[in-house]
Amino acid sequence: MNKSQKVTLCVVLLIVLLIAWGLFPLFFKWLMIGIGSKETALKDFGTFGDIYGSLNTLFTSATLIIVMYSAYLQRQANQDARDAMEKQLQQSREDMEKQLKQAHEATERQIRNAQELADIQLEHARQNSKEQLELAKATHDAQMQESKHAIFSTSFNMLLNEKSKILDGIRVSLGENNFQRMFRLIAYYFSSKICGDWSSKKLNNDNDQELLEDIKAFIKSELNSSNLPEQLSTYFFCNISIIGLIKKSTLNQTDKAFYFRLLSYTMTELEQLTFLCYSCISIDLRNQLKETGIFDIYFSEKYHKFIFTNFEPSMFSHQFVIKKWNEYLSQQTPT
């Protein structure tokens, strides 16, 4: 039964009790007459009054029952109120927990977003620092390269000047006429040797000294100078110093080839031929001339056998010589 039904039942019971209370005397009178009492006998109505007093007890009991039932209803109502309050508190607790959870999630999202933003900013900062470091390094390397190139250029020019001074000293000691004859005589001597006594000679450590003595003897006899062989050796080894400077530099291969070609241009054809003659006297000197292309003059085919047998192709840069050299090597390779 719901609450409205219970209230209706209580009202109906109350009305029934009131009707019963009002009709009870008549009912009792009827009952007394029915059992033989005379209506005029007042003493019977005394009993009737006493019985009616008992009806008050009945009503008191009914009232007590109603009070007890009211108390029960009140207790039930209080229980319902407590249940409703408990449900409300539970709902409030759940809402609070949900709000706290949402707030916690929102806070976590904010923290994650802040962390991601911080990571992005840190990565950007790191990237910027890396780029700045790379830029600084590149700038430093460029400055160092420029400084090295400046030092190299200074050293290169100093050695070229030293080479010119040595050549001027030879010119002064020989005189202008003998100086003009010097490279021509040595070149002709070298040509006659490689077409004659040296044509089939294989250069090695055993005959280097022999060749040196031959060259010295020829120079002393033709130019009447005992110091000239040593002066020429100093001059050509100055070229070797320049070559060593170029090889040890940090220049790229293109720039090195440029400076090798520039050094080659500082020598005449007869001077290059004399340089090639002097390179016969030392295997160390010949090794220094590798990978330089220092000899860029045309060599007659009568020199080819000696040159191809005792030198490296990387010492020469003249296209005709390189072409003939390749043909020579292809003929030496067995098929």
To the nearest 0.5 angstrom, please state how far the [atom1] atom of [X] sits from the [atom2] atom of [Y].
X      : Y      : atom1 : atom2 : result
Ser279 : Asn239 : OG    : CG    : 11.5 Å
Ile243 : Leu285 : CD1   : CG    : 8.0 Å
Met315 : Asn287 : CE    : CG    : 7.0 Å
Leu89  : Asp95  : CG    : CG    : 11.5 Å

Following the transitive rule for hydrophobic clusters with a side-chain heavy-atom cut-off under 4.5 Å over Ile, Leu, Val, Met, Phe, Trp and Tyr, establish whether [X] and [Y] coincide in one cluster.
X      : Y      : result
Leu276 : Ile322 : yes
Phe320 : Phe308 : no
Leu251 : Ile151 : no
Phe152 : Met158 : no
Tyr188 : Phe275 : no

If the plane angle is over 60° it's perpendicular, under 30° parallel, otherwise tilted; pick one for Phe183 and Phe236.
perpendicular

Between side-chain atoms of residues 115-125 and protein atoms elsewhere (two or more places apart, or another chain), which donor-acceptor pairs fall under 3.5 Å?
residue: Gln115; atom: NE2; partner: Asp119; partner atom: OD1; Å: 3.1
residue: Glu123; atom: OE1; partner: Arg126; partner atom: NH1; Å: 2.7

Taking only residues two or more places apart in sequence, or in another chain, which ones meet Gln74 in a side-chain contact (heavy atoms from CB on, under 4.5 Å)?
Asn78

Going by side-chain contact (heavy atoms from CB on, under 4.5 Å), name the residues that satisfy it together with Asn252, two or more places apart in sequence or in a different chain.
Thr254, Asp255

Donor-acceptor contacts under 3.5 Å from residues 9-19 side chains, at least two apart:
none

Identify the two heavy atoms, one from [X] and one from [Y], that lie closest to each other, and give their separation to 0.1 Å.
X      : Y      : answer
Lys148 : Thr250 : CD-OG1, 3.8 Å
Gln288 : Thr292 : O-CG2, 3.8 Å
Ile166 : Cys238 : CD1-CB, 4.2 Å
Ala187 : Thr274 : N-OG1, 4.1 Å
Leu245 : Leu159 : CD2-CD1, 3.9 Å

Contacts of [X] that satisfy salt bridge (Lys or Arg N to Asp or Glu O under 4.0 Å) - sequence neighbours left out:
X      : result
Lys256 : none
Asp168 : Arg171
Glu230 : Lys216
Glu301 : Lys324

More than 12 heavy atoms from other groups under 6.0 Å of [atom1] on [X]:
X      : atom1 : value
Glu86  : CD    : no
Glu327 : CD    : yes
Glu134 : CD    : yes

Does Lys302 reach the main-chain N or O of Ser191 with its side chain, forming a donor-acceptor pair under 3.5 Å?
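Side chain of Lys302 to backbone of Ser191: no pair is present.
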
I need the full list of side chain to side chain donor-acceptor pair (under 3.5 Å) pairs touching residues 305-320, with sequence neighbours left out, sorted by first then second residue.
none

Show every donor-acceptor pair shorter than 3.5 Å between a side-chain atom in residues 98-107 and any protein atom, with sequence neighbours excluded, or say none if there are none.
residue: His104; atom: NE2; partner: Glu108; partner atom: OE2; Å: 2.6
residue: Thr107; atom: OG1; partner: Ala103; partner atom: O; Å: 2.7

For Phe316, which residues count as a ring pair (Phe, Tyr, Trp, His ring centres under 6.0 Å) partner, sequence neighbours excluded?
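Phe316 satisfies ring pair (Phe, Tyr, Trp, His ring centres under 6.0 Å) with Phe295, Phe299, Trp325 once adjacent residues are dropped.
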
Tell me which donor-acceptor pairs under 3.5 Å the side chains of residues 257-267 have, and how far apart each pair is, sequence neighbours excluded?
residue: Tyr259; atom: OH; partner: His149; partner atom: NE2; Å: 3.4
residue: Arg261; atom: NH1; partner: Tyr265; partner atom: OH; Å: 3.4
residue: Ser264; atom: OG; partner: Gln272; partner atom: NE2; Å: 3.2
residue: Ser264; atom: OG; partner: Ile294; partner atom: O; Å: 2.8
residue: Ser264; atom: OG; partner: Asp296; partner atom: OD1; Å: 3.0
residue: Thr266; atom: OG1; partner: Lys163; partner atom: NZ; Å: 2.9
residue: Thr266; atom: OG1; partner: Leu263; partner atom: O; Å: 2.5

Is it the case that Asn326 and Lys323 place a side-chain donor and acceptor less than 3.5 Å from each other?
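Checked: Asn326/Lys323 side chains show no N/O donor-acceptor pair below 3.5 Å.
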
Can you check whether Ser192 reaches Phe218 side chain to side chain, under 4.5 Å on heavy atoms?
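A side-chain contact is absent here, since even the closest heavy-atom pair is not under 4.5 Å.
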
